[in-house]
Trainee: 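I'd like to ask you about the structure that follows.
Computed from a prediction, not measured in an experiment: that's the story for all the values here. Within every chain, numbering begins at 1; the chains are lettered A, B, ... in the order of the sequence lines, protein sequences first and strands thereafter.
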Amino acid sequence: MSQFWKPGTEKPRILEDEEGGVVYLSHSLSSSSSSSSSSRYGYASIENQRQRLPVYKYRSAILYLVESHATSIIVGETGSGKTTQIPQYLKEAGWADGGRLIACTQPRRLAVQAVSSRVAEEMGVKLGEEVGYRIRFEDVTTPDVTRIKFLTDGVLLREMMDDPLLTKYSVIMVDEAHERSISTDMLLGLLKKIQRCRPELRLIISSATIEVKTMAAFFQPSKRRRRLEGDELGPKMDPAILSVEGRGFNVQIHYVEDPVSDYVRAAVSTVMLINDKEPAGDVLVFLTGEDDIDAAVKMLTEEAQNIKKSSSGLVILPLYSGLPRADQELVFSPTPRGKRKIVISTNIAETSLTLEGVVYVVDSGFSKQRFYNPISDLENLIVAPISKASARQRAGRAGRVRPGKCYRLYTEDYFAKEMSVEGIPEMQRSNLVSCVIQLKALGIDNILGFDWPASPSPEAMVRALEVLYSLGVLDDDAKLTSPVGFQIAEIPLEPMVSKMILSSNELACSEEIITIAAILSVQSIWASGRGAQKELDEAKLRFAAAEGDHVTFLNVYKGFLQSGKSSKWCYTNCVNYHAMKKAIEVRGQLRRIAQRLGIVLKSCERDMQVVRKAVTSGFFANACQLEAYSHGGMYKTIRGSQEVYIHPSSVLFRVNPKWIIYHSLVSTDRQYMRNVISIDPSWLIEAAPHFYKQRHNPVLH
DNA sequence: GAGCACTGC
């Protein structure tokens with residue numbers, strides 16, 4: 001065993017850049033690696049395996065930085081082992097002594113589960129004891145026993161509602177911070193605030209991109225604060241930066257010489273070229289969405305049939321999240337001997353899923369990205385160029401098993417000069433209603449002055465404040481109202497859905513509304529079509545309610561319960577069994593929360609008018625009136641006179657009631673309303689007098 | 001008669 005640095009002993013040799021207050025560690029200075037030279041095929045103990053990870057060389061440096069700096073930023077490519085090893089190093093160094101906890105957050109649930117079970121295995125303990133995890137619905141930890149806890153960043157944000165200073169934790173490691181999700185950014189902003197009250201708390205920000213200057217600048221204390229701190233004992237407030245190399249193989253990058261006009265066609269011919277010229281190895285193609293992917297699969301299948309050479313066999317598989325589970329799993333099956341697997345995927349393969357055996361990547365340079373317009377309050381999905389960071393991540397997918405190649409369907413000049421370094425943080429591309437209410441609930445009064453890693457536009461924040469005001473969540477001073485505001489903040493759903501649940505109490509239909517809220521929170525309860533469109537439409541008719549989609553959901557739920565929650569029943573009725581199971585889980589959680597908030601669980605039996613009124617109380621802002629019968633029924637929103645249409649998947653498509661409320665809009669060539677319910681316009685003034693009366697709406701008066 | 005990049009509480 002090599003000697004590790006312990007607090008109080010001589011520090012390891014590290015270069016310090018006092019000017020910027022940033023610590024760099026050059027590779028040559030790192031402590032000697034004790035990576036074992038035993039054959040990689042031979043037996044290696046867990047300890048040996050741990051020591052072979054690139055991060056191991058930096059063990060004492062990391063512990064030194066964490067001891068001496070309030071915030072350490074660790075840059076490490078995939079395969080460095082930072083996620084599994086750093087929490088263990090911290091525990092070994094005593095950071096979990098005295099009943100304290102080490103936290104490590106992840107953006108995704110699956111990662112939380114995978115990483116925690118790996119770490120438990122390495123430590124030789126039972127998952128849920130010394131090492132545990134927590135995600136929504138699953139708290140696999142034991143109080144006073146668990147020392148290392150993996151959790152989603154969303155869960156840690158929720159934990160702050162009960163314990164605003166997160167006092168249980170001695171170190172919090174925020175992993176995958178480069179992804180810049182809304183909850184990661186919120187967490188970073190809040191952790192920076194917590195640090196001021198808890199100087200003993202240590203933060204580790206873990207990022208895969210080299211561009212960490214902005215992150216370091218964010219955690220840099222202001223000059224004034226630094227003066228105040230003076231020479232006090234304790235960690236330096238200046239963030240430290242440490243870079244750890246990854247363990248990926250080299251990936252050779254190829255660019256096109258001239259820009260391509262049709263990236264689907266270009267992707268297909270590139271795959272054919274790889275198949276023709278390159279040795280065995282699977283291919284991963286990044287396109288933007290279902291349409292692109294289906295087109296590419298079709299073209300490739302045709303081309304492959306045309307050549308039909310003796311040995312050339314392609315296994316062509318699409319991959320996107322909307323694909324039925326069984327089809328998704330096909331991409332993980334081993335490639336048959338003599339065949340080449342071609343996976344054509346969305347961004348899901350960039351971060352969420354890892355495919356082994358990929359040696360060639362084809363990168364279109366585009367992905368679908370969400371953009372939010374605070375003026376129209378609309379979120380749109382738009383095909384947009386990816387960032388350099390994304391391009392690098394995609395390329396890295398080719399180097400997991402052996403040296404690979406990445407074919408970029410854009411020019412080198414474009415990559416160098418036009419591609420942005422990093423993507424726009426999600427915070428700046430989204431509706432902020434949920435985010436703002438959560439900050440308010442944590443006592444952040446000055447939302448416009450909140451110190452974010454990347455500030456959203458003032459327009460977006462003002463819009464969120466307006467919506468929350470109209471829902472009665474905020475008062476004239478933009479403070480959370482009591483009890484409504486606090487209750488809505490407590491419910492882990494969009495505020496408009498939460499408002500609907502609160503109103504269901506007075507309307508005595510909480511059981512029905514909670515069912516609707518649960519079903520709206522899962523992707524879709526209908527089995528995705530794939531050639532069975534007719535069956536799906538027929539199945540929908542069996543459940544269809546004249547009132548609209550929300551009431552239809554209640555019928556499906558009733559049928560599912562009567563079948564004994566049968567998967568066979570789901571199959572024959574084109575209902576997605578997994579989605580129903582998830583909805584039932586969410587429903588259980590919501591019932592518990594509702595009870596805690598004093599909502600009486602009560603069914604309205606067959607009275608659907610109260611159900612529609614409850615929906616109206618949350619979604620009054622989405623009310624529309626039928627204007628014309630063109631294109632199957634053109635509606636206009638009452639609020640903004642925006643032209644909208646009922647989505648053909650709705651049970652009210654072509655039924656066209658005069659007044660409806662929609663749950664959400666999808667924007668394509670038109671604005672389509674998904675999940676609509678018919679209402680009586682008089683309910684609007686009843687539900688939101690301030691919202692509709694102040695506008696002197698001629699339609700309603 | 002059309003479509004859902006990806007997450008999360």
Trainee: Nearest-Å distance, CD1 (A:Ile135) to P (B:dT7)?
Mentor: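 About 14 Å, once rounded to whole Å.
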Trainee: Taking N and O atoms by type only, does the side chain of A:Asp294 place a donor or acceptor under 3.5 Å from a partner on the base of B:dG3?
Mentor: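 There is none.
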Trainee: Can you figure out which of B:dC9, B:dC4, B:dG1 approaches the side chain of A:Asp537 most closely?
Mentor: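 Comparing B:dC9, B:dC4, B:dG1 against the side chain of A:Asp537, the answer is B:dG1.
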Trainee: By nearest heavy atom, map A:Ser667 and A:Arg654 onto DNA chain B; which one lands nearer the 5' end?
Mentor: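 Here A:Arg654 is the residue nearer the 5' end.
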Trainee: Would you indicate which nucleotide in B:dA2, B:dC9, B:dA5 comes nearest to any side-chain atom of A:Arg370?
Mentor: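 Selected nucleotide: B:dA5.
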Trainee: From the set B:dC6, B:dC9, B:dC4, return the single nucleotide nearest to any side-chain atom of A:Tyr320.
Mentor: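 Nearest to the side-chain atoms of A:Tyr320, counting from C-beta on, is B:dC6.
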Trainee: Side chain of A:Leu381, heavy atoms from C-beta onward: which of B:dG8, B:dC4, B:dC9 has the nearest atom to it?
Mentor: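 The nucleotide sitting nearest to the side chain is B:dC4.
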Trainee: Heavy atoms only, 4.0 Å cut-off, all strands: where does A:Asp292 land among base, sugar-phosphate and nothing?
Mentor: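 Contact class for A:Asp292: none.
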Trainee: Between atom CD in A:Gln671 and atom C1' in B:dG1, what is the gap in whole Å?
Mentor: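 To the nearest whole Å, that distance equals 18 Å.
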Trainee: Send over the distance from A:Met427 CE to B:dT7 C1', rounded to a whole Å.
Mentor: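 Those two atoms, CE and C1', are 14 Å apart.
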Trainee: When you measure from the side chain of A:Ser649, which nucleotide among B:dC9, B:dA2, B:dT7 comes out closest?
Mentor: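 The answer is B:dA2, which lies nearest to the side chain.
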Trainee: Consider the side chain of A:Arg674, meaning its heavy atoms from C-beta on, and name the nucleotide among B:dC4, B:dT7, B:dG1 that approaches it most closely.
Mentor: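 Of the options given, the side chain of A:Arg674 lies nearest B:dC4.
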Trainee: Can you see if the side chain of A:Ser181 gets near the phosphate of B:dC6 - specifically, an N or O under 4.0 Å from OP1 or OP2?
Mentor: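 For A:Ser181, the contact criterion (side-chain N or O under 4.0 Å from OP1 or OP2 of B:dC6) is not met.
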Trainee: OP1, OP2 of B:dC6 versus side-chain N and O of A:Ser321: anything below 4.0 Å?
Mentor: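 Checking B:dC6 against A:Ser321, a side-chain N or O does come within under 4.0 Å of OP1 or OP2.
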Trainee: Does A:Leu590 reach the side chain of A:Val586, with side-chain heavy atoms less than 4.5 Å apart?
Mentor: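 Contact flag for A:Leu590/A:Val586 side chains = yes.
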Trainee: Please assess A:Arg397 against A:Glu350 for the test salt bridge (Lys or Arg N to Asp or Glu O under 4.0 Å), listing each intermediate value before the final yes or no.
Mentor: CA-CA 8 Å; A:Arg397 295 305 203 180; A:Glu350 194 179 302; over 6 Å; no
Trainee: So what does A:Ser367 hit on the nucleic acid, given a heavy-atom distance under 4.0 Å: a base, only sugar-phosphate, or nothing?
Mentor: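 The answer is nothing, as A:Ser367 stays clear of every strand by at least 4.0 Å.
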Trainee: NA contact type, A:Arg108, heavy-atom cut-off 4.0 Å: base, sugar-phosphate, or nothing?
Mentor: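 The answer is sugar-phosphate, as A:Arg108 gets under 4.0 Å only of primed atoms, P, OP1 or OP2.
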Trainee: Check the distance between B:dC9's P and A:Leu151's CG and give it to me in whole angstrom.
Mentor: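 Value for this atom pair: 10 Å.
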Trainee: Taking C-beta and beyond as the side chain, do A:Ile444 and A:Gln438 meet within less than 4.5 Å on heavy atoms?
Mentor: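 The answer is no, as the side chains (C-beta and beyond) never meet within the 4.5 Å cut-off.
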Trainee: Would you say the side-chain atoms of A:Thr637 pair up with the backbone N or O of A:Gln642, donor to acceptor, closer than 3.5 Å?
Mentor: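 Side chain of A:Thr637 to backbone of A:Gln642: a pair is present.
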Trainee: Would you mind telling me which of B:dC9, B:dG1, B:dT7 lies closest to the side-chain atoms of A:Gln523?
Mentor: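 Taking heavy atoms from C-beta onward, the closest nucleotide is B:dT7.
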Trainee: Taking the minimum atom-to-atom distance to the side chain of A:Glu290, which one of B:dC4, B:dC9, B:dG3 wins?
Mentor: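 Selected nucleotide: B:dC4.
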Trainee: Could you tell me whether A:Ile491 contacts a base, only the sugar-phosphate backbone, or nothing, with contacts defined as non-hydrogen atoms closer than 4.0 Å?
Mentor: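 Since no nucleic acid heavy atom lies under 4.0 Å of A:Ile491, the category is nothing.
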Trainee: Send over the distance from A:Phe286 CZ to B:dA5 C1', rounded to a whole Å.
Mentor: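 Whole-Å distance recorded here is 12 Å.
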Trainee: Does A:Arg109 put a side-chain nitrogen or oxygen below 4.0 Å from OP1 or OP2 of B:dC9?
Mentor: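 Looking at the OP1 and OP2 atoms of B:dC9, one of them is under 4.0 Å from a side-chain N or O of A:Arg109.
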Trainee: Starting at atom NZ of A:Lys582, determine the distance to atom C1' of B:dT7, rounded to an integer number of angstrom.
Mentor: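 Between C1' of B:dT7 and NZ of A:Lys582: 10 Å.
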Trainee: Mark yes or no for whether A:Asn373, through its side chain, and A:Asp377, through its backbone, hold a donor-acceptor pair below 3.5 Å.
Mentor: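 Side chain of A:Asn373 to backbone of A:Asp377: no pair is present.
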Trainee: Is the A:His647-A:Phe653 ring centre distance short of 6.0 angstrom?
Mentor: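 They do not qualify: ring centres at least 6.0 Å apart.
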Trainee: Nearest of B:dC9, B:dA2, B:dA5 to any side-chain atom of A:His647?
Mentor: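 Given the options B:dC9, B:dA2, B:dA5, the side chain of A:His647 is closest to B:dA2.
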Trainee: Would you tell me if any nitrogen or oxygen in the side chain of A:Ser183 comes within less than 4.0 Å of OP1 or OP2 on B:dT7?
Mentor: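 Checking A:Ser183 against B:dT7: no side-chain N or O falls below 4.0 Å of OP1 or OP2.
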Trainee: Send over the distance from A:Arg134 CZ to B:dG8 P, rounded to a whole Å.
Mentor: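 Between P of B:dG8 and CZ of A:Arg134: 15 Å.
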Trainee: Between P on B:dC9 and CD1 on A:Ile182, what's the gap in Å once rounded to a whole number?
Mentor: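 Going from CD1 in A:Ile182 over to P in B:dC9 covers 14 Å.
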Trainee: So A:Asn347 and A:Arg394, side-chain hydrogen bond (donor to acceptor under 3.5 Å, both in side chains) or not? Walk me through it.
Mentor: CA-CA 9 Å; A:Asn347 256 5; A:Arg394 287 180 173 187; 2.8 Å; yes
Trainee: Between B:dT7, B:dC4, B:dC9, which nucleotide gets closest to the side-chain atoms of A:Arg136?
Mentor: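 Nearest nucleotide to the side chain: B:dC9.
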